[in-house]
*Asks:* 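Handing you this structure, nothing more for now.
Sequence positions, counted from 1, serve as the residue numbers for this chain. Read the numbers this way: they start at 1 and go in the same order the structure lists the ligands and their atoms.
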Amino acid sequence: MALPPARILGIETSCDETAAAVISNGRVIESNVVASQVDLHAQYGGVFPELASREHVKAIYPIVNEALRQAYVDISEIDAIAVTQGPGLAGSLVVGVNMAKGLSLVAEKPLIGINHLEGHIYSAWLHPADVTPPQPPRFPLLALLVSGGHSELILMTDHLAYQRLGGTLDDAAGEALDKVARLLDLPYPGGPSIQKASTSGKETAFSFPKAMLEGSWDFSFSGVKTAVLRAVEALQAEGRPLPIEDLAASFQAAVVDVLVEKTLLAAQKYKVREIIVAGGVSANKRLREKILAESKYPVHIPPLALCTDNAAMIAAAGYFHFIKEDFSPFDIDVLPNWPLSFSH
Ligand code: KG4
Ligand code: ZN
């Protein structure tokens with residue numbers, strides 16, 4: 001069944017990226033503009049919330065204009081405005097939501113508040129404008145959502161219908177990578193730094209615990225994080241130099257192996273047709289290679305630019321709400337702790 005055409009403007013300001021994008025029909029990237037604050041926050045070793053919201057205020061207007069300009073459209077040619085309503089940093093979310101409300105009011109376009117996690121999942125539907133559209137993901141599917149704030153396994157039986165099978169009981173995968181990177185004196189953000197250091201390290205140098213938590217679809221990464229800390233302390237007590245690359249490689253392997261093994265077990269148990277891997281940690285090379293090599297199900301992993309925070313994914317999710325006329329009232333507020341609903 002052909003879906004109705006629509007062009008959605010997406011806005012994302014949940015953390016340290018100010019982003020806007022124009023997406024048609026939930027899939028085609030007409031523009032995708034991201035202003036990252038990562039260099040600014042790197043000096044603090046993590047996101048500094050007050051600084052993040054101030055930067056969003058400065059960047060939001062030019063970024064939205066640039067997204068419209070690059071798509072060669074005027075706001076009047078947009079069918080709806082989708083914006084990340086949560087989860088995320090309250091002071092950052094509010095900048096995007098207020099911008100979206102202003103545009104919605106002035107241009108008389110519907111407003112759609114999007115869950116950031118839902119956005120990450122919908123990054124799997126996106127493709128550039130100049131390619132033959134690839135096959136979209138097919139239901140039922142399993143989404144492994146791994147980011148700085150979340151590590152979740154989600155079963156989707158249809159568009160916008162989510163069943164959370166499990167999630168992290170402590171640190172998110174990205175959070176654990178960021179914390180261990182800090183411990184090893186590697187620059188923020190930690191995920192890419194750990195990946196880089198790992199390339200010249202030996203995965204088998206250290207045997208870090210892999211918490212499989214059998215019998216549940218939950219994850220736990222605090223044990224492996226503490227194990228790295230203990231190994232570092234033991235080496236330091238002996239006055240030995242830290243084998244940073246070996247520590248990074250062994251830790252990365254422990255995290256990735258658990259993510260991949262549990263995802264494949266859940267895919268089998270729930271008899272899904274396909275798998276989606278999304279969120280910032282899905283940019284990880286070892287994770288991508290391992291799941292693609294070991295899965296007997298087709299795996300959708302977005303290209304690197306769509307793994308980390310962007311507004312294209314928010315507009316893609318917005319489209320599927322738009323076609324159901326699932327609009328948000330004008331008085332929506334930000335939802336910093338919004339979980340992905342069980343179903344819509
Ligand atoms: O989705 P995202 O951009 O923001 C959140 O919604 O949290 O994810 C950010 C997380 C950070 O923890 C970062 O270290 C991690 O994604 N990350 C990576 C890689 N690139 C980003 N982790 C592992 N390998 C990477 N290449
Ligand atoms: Zn994210």
*Asks:* Determine whether Val281 and Leu169 fall in the same hydrophobic cluster, where Ile, Leu, Val, Met, Phe, Trp and Tyr are linked whenever their side-chain heavy atoms lie under 4.5 Å apart.
*Replies:*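 They do not share one cluster, since no chain of ILVMFWY contacts under 4.5 Å joins Val281 to Leu169.
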*Asks:* Could you check whether Ser222 and Asp171, counting side-chain N and O atoms only, form a donor-acceptor pair closer than 3.5 Å?
*Replies:*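 Short answer, no.
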*Asks:* May I ask you to identify the nearest protein heavy atom to atom 3 (O) of ligand 1, giving residue, atom name and distance to one decimal place in Å?
*Replies:*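 Ranking protein heavy atoms by distance from atom 3 (O) of ligand 1, first comes Asp309 N, 3.2 Å.
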*Asks:* Which atoms from ligand 1 have a heavy atom of Asn284 less than 4.0 Å away?
*Replies:*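 The atoms of ligand 1 under 4.0 Å from a heavy atom of Asn284 are 23 (C), 24 (N), 25 (C), 26 (N).
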*Asks:* Please list, in number order, the atoms of ligand 1 under 4.0 Å from a heavy atom of Thr308.
*Replies:*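 Near Thr308, the atoms of ligand 1 are 3 (O).
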*Asks:* How far is atom 12 (O) of ligand 1 from its nearest protein heavy atom, and which residue and atom is that?
*Replies:*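 Of every protein heavy atom, Asp178 OD2, 2.8 Å lies nearest to atom 12 (O) of ligand 1.
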*Asks:* Show which atoms of ligand 1 fall inside a sub-4.0 Å distance from at least one heavy-atom site of Leu177.
*Replies:*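 Those of ligand 1 that fall under 4.0 Å from Leu177 are 22 (N), 23 (C).
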*Asks:* Which atoms of ligand 1 have any heavy atom of His120 under 4.0 Å away?
*Replies:*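 This gives 1 (O), 6 (O) as the contact atoms.
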*Asks:* Thr18 and side-chain contact (heavy atoms from CB on, under 4.5 Å): which partner among Lys58, Glu12, His56, Met99?
*Replies:*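 For Thr18, the side-chain contact (heavy atoms from CB on, under 4.5 Å) check succeeds only for His56.
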*Asks:* Mind checking whether Phe221 and Phe219 have parallel, tilted or perpendicular rings, split at 30° and 60°?
*Replies:*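 Parallel: the ring planes of Phe221 and Phe219 meet at under 30°.
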*Asks:* Would you say the side-chain atoms of Glu55 and His41 include a donor-acceptor pair closer than 3.5 Å?
*Replies:*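 Absent: no donor and acceptor within the cut-off.
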*Asks:* Just say parallel, tilted or perpendicular for the rings of His120 and His116, cut-offs at 30° and 60°.
*Replies:*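 His120 vs His116 ring planes: perpendicular.
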*Asks:* Side chain or backbone of Glu17 under 4.0 Å from ligand 1, or both, or neither, by non-hydrogen atoms?
*Replies:*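 Near ligand 1, Glu17 shows nothing, with every heavy atom at 4.0 Å or more.
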*Asks:* Are the side chain of Asn310 and the backbone N or O of Thr308 linked by a donor-acceptor pair below 3.5 Å?
*Replies:*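 Present.
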*Asks:* Regarding Ser36 and Glu17, do their side chains bring together a donor and an acceptor under 3.5 Å, going by distance alone?
*Replies:*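 Yes, because at least one side-chain N or O of Ser36 sits under 3.5 Å from a partner of the opposite role on Glu17.
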*Asks:* Please report the shortest heavy-atom distance between Ser328 and Gly113, naming the atom on each side.
*Replies:*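 Closest pair (atom of Ser328, atom of Gly113, distance): OG-N, 2.8 Å.
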*Asks:* For ligand 1, which atoms sit closer than 4.0 Å to a heavy atom of His116?
*Replies:*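 Listed by number with element: 6 (O).
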*Asks:* Any salt bridge linking Glu175 with Lys225? Criterion: basic side-chain nitrogen under 4.0 Å from a carboxylate oxygen.
*Replies:*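 No salt bridge links Glu175 with Lys225.
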*Asks:* Considering only protein heavy atoms, which is closest to atom 26 (N) of ligand 1, and at what distance to one decimal place?
*Replies:*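 Answer for atom 26 (N) of ligand 1: Gln195 OE1, 2.9 Å.
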*Asks:* Find all atoms of ligand 1 within a distance of less than 4.0 Å from any non-hydrogen atom belonging to Gly149, and give their numbers and elements.
*Replies:*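 Going through ligand 1 atom by atom, the ones under 4.0 Å from Gly149 are 7 (O).
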*Asks:* Once you measure the plane-to-plane angle for His159 and Trp125, does it fall in the parallel (<30°), tilted (30-60°) or perpendicular (>60°) bin?
*Replies:*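 Tilted, since the angle between the ring planes falls between 30° and 60°.
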*Asks:* Yes or no: does Cys15 have any heavy atom under 4.0 Å from an atom of ligand 1?
*Replies:*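 No, that is not the case, since the closest heavy atom of the residue is not under 4.0 Å from the ligand.
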*Asks:* May I ask you to list the atoms of ligand 1 that are less than 4.0 angstrom from any heavy atom of Ser147?
*Replies:*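 Those of ligand 1 that fall under 4.0 Å from Ser147 are 1 (O), 5 (C), 6 (O), 7 (O), 8 (O).
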*Asks:* For atom 21 (C) of ligand 1, tell me which residue out of Gly280, Ala278, Ser14 has the closest non-hydrogen atom.
*Replies:*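 Considering heavy atoms of Gly280, Ala278, Ser14, the nearest to atom 21 (C) of ligand 1 sits in Gly280.
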*Asks:* At their closest point, which heavy atom of Ser92 faces which heavy atom of Cys15, and how far apart are they?
*Replies:*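 So the minimum-distance heavy-atom pair works out to OG-O, 3.5 Å.
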*Asks:* Taking N or O atoms only and a 3.5 Å limit, does Gly191 qualify as a polar contact for ligand 1?
*Replies:*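 In this structure, Gly191 places an N or O atom under 3.5 Å from an N or O of ligand 1.
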*Asks:* What protein N/O/S atoms lie closer than 2.8 Å to the Zn ion (ligand 2)?
*Replies:*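 Only His116 NE2, His120 NE2, Asp309 OD1 fall inside 2.8 Å of the Zn ion (ligand 2).
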*Asks:* Using a 4.0 Å cutoff against the non-hydrogen atoms of Gly148, which atoms of ligand 1 qualify?
*Replies:*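 It comes down to these atoms of ligand 1: 5 (C), 7 (O), 8 (O), 9 (C), 10 (C), 12 (O).
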*Asks:* Just by distance, do the side chain of Glu152 and the backbone of Val146 share a donor-acceptor pair under 3.5 Å?
*Replies:*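 No; judged by distance alone, with no hydrogens or angles, the pair does not exist.
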